[in-house]
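Some notes on the structure that comes next.
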Amino acid sequence: MAGTSDVALLGPADVRSLAAELGIRPTKKLGQNFVHDANTVRRVAGLAELSGADVVLEVGPGLGSLTLGLLDTGASVVAVEVDSGLAECLPRTVADRAARHSDRLTVLCADALRLEAAHLECPPTTLVANLPYNVAVPVVLHLLAAFPSVRRALVMVQAEVADRMVAGPGGRVYGVPSVKLAWFGTARRAGAVPRSVFWPVPNVDSALVRFDRGEPPESGDRETTFALVDAAFAQRRKTLRAALAPRFGSASAAAESLVSAGIDPATRGERLTVSDFARLAARVRAADCDLSQ
């Protein structure tokens, strides 16, 4: 980010003033915890490694704290906000505090879980978001699938969610989010976020997760692979032979497909990589199994 900025970032008093002006009381239902710390905003924008060539898809801009910092990098921003009051206010905030950058902001009042490529004029290159814990993983997975043009992401999530997103096979918190995110690329922790930078102060710790897109596994389709992942972790303490039996029609049929994919039927889902699940998915297609149960 440039050393001299003409963008006036929001501070604690600004955030409270804007909220009062709009009559907004942050709700737990929408997971509204607004960032009010300028240093955190600069840190997030810096870690996203943005340039003027980037189109940022920002989910949940809220009062605009992070939006201002993203625009200050020279990137264009498409801000997706489900709250109509906040969506209506955002262009005014940017005009007041970053007038020279207003033409690079597009605001959509929409649910990120229903967002599709056709809704945007330009394909986004980067995803940046401050996400409530209850929708964080579904939102990230949906947007990575809907927007192949997104090559990297930086999301702020609850620390426990971050742990699940970046976990590797064999770990206690390795599960559905870990495997499905690995289909699209590589996720890693990019640092902790203090509770004090939010208003209202949440009762959970937060963390940043950096994601870089990679190539999906060669053998397998995403829909079948994800169905197997869901089945394997629905009863994670069971062996794969037992956990997948309903999907294959019987434990013996499940074991046969597992062995043909080079997987020990007595192991558990938490030991498999996304490539293992994709390889098994290829066997499912070859056997023409019905995974719709």
Side-chain angles (χ1 to χ4, degrees), residues 30-31 44 47-51 53-62 66-67 70-71 75-84 86-87 90 104-158 161-162 164-166 175-188 190 208-218 220-230 233 274-275 277-278 281 291-292:
L30 293 178
V44 170
L47 287 170
E49 299 178 3
L50 301 170
S51 72
D54 283 304
V55 177
V56 181
L57 181 60
E58 184 192 4
V59 176
L66 191 51
T67 310
L70 296 173
L71 287 169
S76 297
V77 176
V78 179
V80 181
E81 175 56 62
V82 71
D83 185 307
S84 59
L86 290 172
L90 187 57
R104 286 189 279 104
L105 172 69
T106 301
V107 180
L108 297 179
C109 184
D111 181 348
L113 283 169
R114 298 181 179 179
L115 199 65
E116 301 295 341
H119 298 150
L120 274 63
E121 290 186 12
C122 297
T125 61
T126 308
L127 169 65
V128 178
N130 173 21
L131 296 169
Y133 75 94
N134 57 324
V135 298
V137 172
V139 164
V140 171
L141 291 175
H142 169 71
L143 294 177
L144 289 176
F147 296 95
S149 58
V150 169
R151 305 308 302 172
R152 63 188 179 278
L154 190 72
V155 295
M156 204 168 348
V157 296
Q158 183 179 341
V161 174
R164 294 189 182 99
M165 293 173 76
V166 306
V176 173
S178 325
V179 184
K180 290 184 177 181
L181 193 55
W183 174 276
F184 296 102
T186 305
R188 62 176 174 82
L208 291 167
V209 173
R210 165 72 186 248
F211 170 85
D212 292 280
R213 191 182 287 271
E215 292 300 318
E218 264 183 51
D221 65 272
R222 181 161 52 88
E223 183 178 352
T224 305
T225 301
F226 282 14
L228 288 169
V229 172
D230 289 335
F233 285 99
V274 68
S275 294
F277 279 109
L291 294 182
S292 60

Indicate the atoms forming the closest heavy-atom contact of Val139 with Ala112, along with that distance. CG1-CB, 4.2 Å
Nearest 0.5 Å, what's the CG-CZ distance between Leu181 and Arg164? 14.0 Å
Spell out, as yes or no, whether a donor-acceptor pair under 3.5 Å connects the side chain of Thr126 to the backbone of Val56. no
So which heavy atom on Pro148 is nearest to which on Arg151, and how close? O-NH1, 3.5 Å
Considering all heavy atoms of both residues, which atom of Leu115 and which atom of Ala146 are nearest to each other, and what is their separation? O-CB, 3.9 Å
Just wondering, more than 12 heavy atoms not from Tyr133 lying within 6.0 Å of its OH? no
Parallel, tilted or perpendicular: ring planes of Phe184 versus Phe226, cut at 30 and 60 degrees: perpendicular
For Leu131, which of Val137, Val157, Val209 qualifies under side-chain contact (heavy atoms from CB on, under 4.5 Å)? Val157
Rounding to 0.5 Å, atoms CG (Leu144) and OG (Ser149) come to a distance of 10.0 Å
Could Arg152 and Asp54 be called an ion pair, given the rule that one side-chain N must be under 4.0 Å from one carboxylate O? yes
Between CG on residue Leu108 and CD on residue Glu81, distance to nearest 0.5 Å: 11.0 Å
Heavy-atom closest pair (Cys109 atom, Ser84 atom, distance to 0.1 Å) is SG-CA, 3.6 Å
Run through Asn130, Leu143, Val155 and flag the one making a side-chain contact (heavy atoms from CB on, under 4.5 Å) with Val59. Leu143
Working to the nearest 0.5 Å, report the span between CG of Leu90 and CG of Asp83. 11.5 Å
Leu50 CG to Thr125 OG1 distance, which is reported to the nearest 0.5 Å: 7.0 Å
Is the shortest side-chain heavy-atom distance between Lys180 and Met165 below 4.5 Å? no
Main chain of Leu47, side chain of Arg210: is a donor-acceptor contact present, judged purely on distance under 3.5 Å? yes
How far apart are the C-alpha atoms of Leu120 and Val55, what are their side-chain angles, what is the distance that settles it, and do they pass the side chain to side chain contact (heavy atoms under 4.5 Å, CB included) test? CA-CA 11 Å; Leu120 274 63; Val55 177; 5.9 Å; no
Which atom names give the shortest non-hydrogen contact between Ala278 and Thr225, and what distance separates them? CA-OG1, 3.6 Å
Exercise: identify the closest heavy-atom pair between Gly175 and Phe233: CA-CE2, 3.7 Å
Considering only heavy atoms from C-beta outward, does the side chain of Phe211 approach that of Val140 to under 4.5 Å? no
Report the distance from atom CZ of Phe147 to atom CD of Glu116, rounding to the nearest 0.5 Å. 7.0 Å
